[in-house]
Amino acid sequence: MDPINDKLKNLLDNKTLRVPDGYFERLEHDILNNITNDEFAEITNKKQSPIIKRLFIFTAVAATITFAFFAVNWLVKSNANNKGVAFANMSNLELDNYMNEQIASLSIDDLYGYLIQNVNQLNTEVLFNSTYSDASQIDKSITGDLHEQVFDADVLNALVESSQSNNDEKLLETVDDELLQEYLNDATIFENLGL
Amino acid sequence: MTDKEIIQLCLNATTRELGYKKLVAVYSKKLYWHVRRMVTNHDDANDVVQNCFIKIWKGLPNYREESKLYTWLYRIASNESITFINEKYRRTSIAIDNDVAQYTANLNSDPWFDGDETQVQLQHAIDSLPDKQKQVFIMRYYDELKYEEMEAVLGTSIGALKASYHHAAKKIEAFLKATLNHE
């Protein structure tokens, strides 16, 4: 035995824990009785198990599968109906606004990322054989853009001051020639058009 | 009857009951005292040891002779005792380290505990040890198991077991000094 303080050893060796008289004989008897009862209980449970347990398990599994099937169906239909009703109830203006909002929410990074991911899927024929490969279409596009570009802040102010008209020709007559010439000479216009 | 003979009887379905009776006759007293020192109270020890023997009976068909019989039995008894202690203190929400008065009252109410105030304090010091140290101290001091045997029961290295025993003995000695100085 490992060395331990003598006083402590005396204290530890004192028989402070007692048991009732004849306890160990009864303990053996009780233990063996427990086993007999335990075995009996197990046998009883086993006899009951085949019919009741299997029936219960089968019913529970069937009920679970049925419930899951109807729940999934209901959820799918519910989702589909909600989306259809939402768009069907929108006016054209609302739809336009919705689309504009969606487009406006895209950042340059989103667009750039999309192009990076999808540019490989583009067919070169689609790129070069588009309507923009037609010279007349390009002219039209540039002219149209130019037409819009001349209306910068100064020009528009001039138009407002001189009691505007929606007719382009009349508008151009009211614009100061020098101002218009100066604006057209500005190289950034053509840079903006990609020329 | 040797452990090997008991096991041979227990592993044979036709002689299992006879083997189990022999096992109970040989080990019920030893296991009771191990459990009693772990849980202290006689009624608690009685419940725990009976649960142990039910587990032993149920585990007999799966018993592998790789471990010695007493090693297997001690492991079951020790684990059951620890589980019982933890459950009991969790149920009653009493921290044994903090509530000395409650502990003393409980021990004094046990008709199968004979001890003066110093013995109560000593028992409290033992019960306040961490689970592992308490297991090691009881197995080593009272059950007189060798470290190799304790290693097989607890699955802890001999070095760690020696350290645990040393710590436990020092804590109890410190308690003794404090108590005696106080008196």
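Every chain is numbered from 1, with letters handed out A, B, ... down the list of sequences. Since we're looking at a predicted model, the values are computed, not measured.
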Same cluster or not: are Ile57(A) and Ile65(A) linked, directly or through other Ile, Leu, Val, Met, Phe, Trp or Tyr residues, by side-chain heavy atoms under 4.5 angstrom apart? yes
Separation between OG (Ser28(B)) and CD (Glu25(A)), nearest 0.5 Å, reads 9.0 Å
Examine whether an atom of Leu27(A) lies under 4.5 Å from a heavy atom of chain B, and if so say whether it belongs to the side chain, the backbone or both; otherwise answer neither. side chain
Near Tyr63(B) OH, under 6.0 Å, is it more than 12 heavy atoms from other residues, nucleotides or ligands? yes
Separation between OG1 (Thr40(B)) and CG (Leu17(A)), nearest 0.5 Å, reads 7.0 Å
Is there side-chain contact between Asn34(A) and Trp57(B), with heavy atoms separated by less than 4.5 Å? no
In terms of heavy-atom pairs under 4.5 Å with chain A, which of Ala25(B), Gly115(B), Pro111(B) leads? Ala25(B)
Over all atoms of both residues, closest heavy-atom pair of Arg36(B) and Arg18(A): NH1-O, 2.6 Å
Does any backbone or side-chain atom of Phe113(B) lie under 4.5 Å from a heavy atom of chain A? Answer side chain, backbone, both or neither. both
What part of Lys170(B) gets within 4.5 angstrom of chain A, counting heavy atoms only: side chain, backbone, both, or neither? neither
Would you say Asp110(A) has more than 12 foreign heavy atoms packed within less than 6.0 Å of its CG? yes
Look up atom CD in Gln119(B) and atom OG1 in Thr16(A), then write down how far apart they are to the nearest 0.5 Å. 5.0 Å
State the CZ-CD1 distance between Arg16(B) and Ile35(A), to the nearest 0.5 angstrom. 12.0 Å
When rounded to the nearest 0.5 angstrom, what distance separates OH in Tyr23(A) from CH2 in Trp112(B)? 11.0 Å
Check whether Ile172(B) gets within reach of chain A through its side chain, its backbone, both or neither, counting any heavy atom under 4.5 Å. both
Are there more than 12 heavy atoms of other residues, nucleotides or ligands under 6.0 Å from atom NZ of Lys171(B)? yes
State whether the number of non-hydrogen atoms from other residues, nucleotides or ligands found under 6.0 Å of Lys132(B) atom NZ is greater than 12. yes
Do other residues, nucleotides or ligands put more than 12 heavy atoms under 6.0 Å from the CG atom of Asn92(A)? no
Residues from residues 41-53 of chain B approaching chain A under 4.5 Å (heavy atoms): His42(B), Asn46(B), Val49(B), Gln50(B), Phe53(B)
